Amino acid sequence: MAKHEIVKIEGLAELAKALRELPDRVAKNGLRVSVYAGAKVIRDEARMRAPKAAESLGPNQPPPGTLKRSVIMKHIPELSSLTRQTFFVTVRHGKKYRKQGKKGNLSQDAWYWRFIEFGTRKMRARPFLRPALEAKRREAVQAMKVRLSDRIELEAKALNRK
């Protein structure tokens with residue numbers, strides 16, 4: 001039931017052609033670091049918008065701030081290629097808040113994030129991921145442009161030195 005938001009930037013045929021002319025390693029790494037920069041902008045905004053409990057909710061409950069700490073970005077190599085890099089900004093989830101492992105540490109997964117983002121029958125939605133994307137979409141694209149141009153310039157200088 002996970003929902004995804006896809007950001008597609010159109011009109012980059014020249015960029016794809018330029019990336020194909022660069023060595024594969026340079027093109028792939030340059031694109032990956034630029035998309036990373038854009039995803040980081042969205043992740044940071046989502047962390048800022050994620051609600052935080054005012055006080056502890058009791059024993060065997062996640063401590064305040066677990067949701068904020070659980071907002072992550074993840075590179076997906078299976079969906080990435082030379083001219084396409086994929087990062088997900090999501091919430092670390094899965095295990096309920098319980099003791100796990102040999103040491104019995106409490107998990108830090110925010111398994112309840114969907115209830116907050118989408119709401120339930122008894123609780124209104126308090127979205128934080130989608131508004132973060134909407135608010136910082138342009139800044140993320142700008143961060144990607146800046147990072148990619150810096151990286152291409154750096155790699156071109158390195159290639160000229162060889």
Side-chain angles (χ1 to χ4, degrees), residues 1-12 15-16 19 27-151:
M1 168 137 182
K3 294 183 180 181
H4 296 85
E5 187 79 26
I6 296 174
V7 177
K8 188 172 184 179
I9 302 171
E10 299 286 337
L12 297 177
L15 175 61
L19 288 173
K28 185 176 178 182
N29 292 342
L31 188 58
R32 186 172 55 233
V33 298
S34 68
V35 175
Y36 174 92
K40 186 175 183 284
V41 170
I42 303 297
R43 182 203 62 196
D44 292 346
E45 181 70 11
R47 280 184 178 168
M48 188 199 73
R49 290 174 178 258
K52 180 180 176 182
E55 70 234 11
S56 177
L57 301 174
N60 296 330
Q61 295 296 320
T66 298
L67 183 58
K68 286 183 180 290
R69 286 189 300 276
S70 295
V71 175
I72 60 169
M73 62 183 187
K74 183 176 181 182
H75 179 245
I76 311 297
E78 299 83 29
L79 298 177
S80 300
S81 67
L82 180 63
T83 58
R84 175 182 173 169
Q85 291 294 313
T86 304
F87 279 82
F88 283 170
V89 176
T90 186
V91 178
R92 185 183 304 113
H93 61 282
K95 299 187 188 266
K96 289 196 174 187
Y97 195 71
R98 60 188 165 107
K99 292 185 178 183
Q100 62 185 23
K102 292 180 180 178
K103 295 183 180 181
N105 294 331
L106 295 173
S107 73
Q108 293 296 307
D109 289 355
W111 55 272
Y112 52 88
W113 77 274
R114 284 185 178 94
F115 305 144
I116 295 171
E117 180 74 15
F118 303 114
T120 66
R121 286 188 329 187
K122 298 180 181 183
M123 183 178 90
R124 69 174 179 81
R126 292 186 295 166
F128 59 97
L129 286 175
R130 187 178 317 229
L133 174 65
E134 294 301 323
K136 295 293 182 172
R137 179 174 280 174
R138 285 196 170 98
E139 287 180 41
V141 170
Q142 188 60 34
M144 290 187 327
K145 285 180 184 177
V146 168
R147 187 64 177 241
L148 185 60
S149 66
D150 292 347
R151 187 63 181 233

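Small disclaimer: the values here were computed from a predicted structure and weren't measured.
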Shortest non-hydrogen separation from [X] to [Y] and the atoms involved:
X	Y	answer
Pro131	Pro127	CG-O, 3.7 Å
Ala46	Phe128	O-CD1, 3.8 Å
Thr86	Leu79	OG1-O, 3.1 Å
His75	Pro77	O-CD, 3.2 Å
Lys68	Lys52	CE-CB, 3.8 Å

Do [X] and [Y] have side chains that get closer than 4.5 Å, going by heavy atoms?
X	Y	value
Trp113	Val71	no
Arg114	Glu117	no
Ile42	Glu45	no
Arg32	Ser80	no

Measure the spacing between [atom1] of [X] and [atom2] of [Y] and express it to the nearest 0.5 Å.
X	Y	atom1	atom2	answer
Ile76	Phe88	CD1	CZ	5.0 Å
Arg151	Leu31	CZ	CG	11.0 Å
Ser149	Met144	OG	CE	12.0 Å

Counterpart residues, side-chain hydrogen bond (donor to acceptor under 3.5 Å, both in side chains), relative to Lys136 (two or more places apart): Glu139
Residue list, side-chain contact (heavy atoms from CB on, under 4.5 Å) with Tyr36, at least two apart or on another chain: Lys40, Met73, Phe87
Set of salt bridge (Lys or Arg N to Asp or Glu O under 4.0 Å) partners for Arg147, sequence neighbours left out: none
Val89 backbone acceptor or donor facing Lys74 side chain under 3.5 Å: no
